[in-house]
Amino acid sequence: MTVDWYIPEFGVIFRVKKKVFEKQTKYQKIEIYETEKFGKVLFIDGAVQSVEKGEESYHEVLVHPALFAHPSPERVLIIGGGEGATLREVLKHPVKEVKMVDIDEEMIKVAKEYLKFDRGAFEDERAELIIGDGLKYVKEEKGKYDVIIVDATDPGATSNPLYTEEFYSICYEKMNQESIFITQGGNCIFLTPEKLIEIYKMMKSVFDKVKIYTFPIVGLVAGWSFISGIKGNIEIEKNFPMREDIKLEYFNPEKQKCLFSLPLFFEKLLYTD
Ligand code: SAM
């Protein structure tokens, strides 16, 4: 068995068949287990990142609310996203160019060899993979984007710079007039609401509008959070028609606005200064 400790008092246990891979890279400890229920499960620094049987639940809901809400997303930037599944979901849309910046080359190699969640996305001619730190990249690169997606590990040594006001301000400058920033919230609304609200407040001081949403994710604790930051007049919290050309298994754009309906206790915390 292996446990993902969300907080010292609470964790989620996986019954494991065997450990498939383990390596401490320059940036993080990567582990892959073959589990009884979910197929292969990727852990980074002891925290579950994604499960083979159901990872689409996380990657679809990270990507598609923004991609459906943007009227014509052409240029997309992904920060993190090591498994290649976020890239795969973005490429379901008729985008022109997607850049993915991940700090850990080893993570990409391991994902390609053992997980294969990208399903060929790394080879798509619209995709470009850059190995480097996300904050450094946005500081130095001059491009502008319609959608920026942060699929980084939860706040911790390597990813901390991606949960700062400095990072959000630079991203805002790199966004076109009407555009969307999305980050996985790195927190559960029930277990660590105060940490999530800290991130929300930083984003609120930068973006024109900020909306938190949650969705049930296979293999993760209930109440996992995502935070959108809007530049311009885009309304992300609306329903959008399902599209024939985009095949989805978990996320339903016709019910998109339900994502933004938060439990009362959390709204009270969020709107109390
Ligand atoms: N689904 C995820 C979760 O639940 O946390 C995130 C998955 S993805 C594997 C996280 C990626 O973020 C890793 O590949 C890691 O290398 C990358 N990462 C962490 N810090 C980063 C940074 N500062 N710049 C770019 N990528 C970073």
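Counting convention: from 1, in listed order, for ligands and their atoms alike.
- Between E141 and K99 there is a salt bridge, since at least one side-chain N of the basic residue sits less than 4.0 Å from a carboxylate O of the acidic one.
- At a threshold of 4.0 Å, the pair E74-K96 counts as salt-bridged, since one of the basic side-chain nitrogens sits closer than that to a carboxylate oxygen.
- Screening E106, Q28, E31 against K23 for a side chain to side chain donor-acceptor pair (under 3.5 Å) leaves a single residue, E106.
- The aromatic rings of Y114 and F21 are tilted relative to each other, their planes meeting at an angle between 30° and 60°.
- Around ligand 1, the residues contributing at least one heavy atom under 4.0 Å from the ligand are Q28, I44, V48, Q49, Y58, G80, G81, G82, E83, V101, D102, I103, D104, M107, G132, D133, G134, D151, A152, T153, D154, T158, S159, L162, Q184.
- The distance between the ring centers of F240 and H64 does not fall below 6.0 angstrom.
- With salt bridges taken as basic N to acidic carboxylate O contacts below 4.0 Å, none links E34 and K18.
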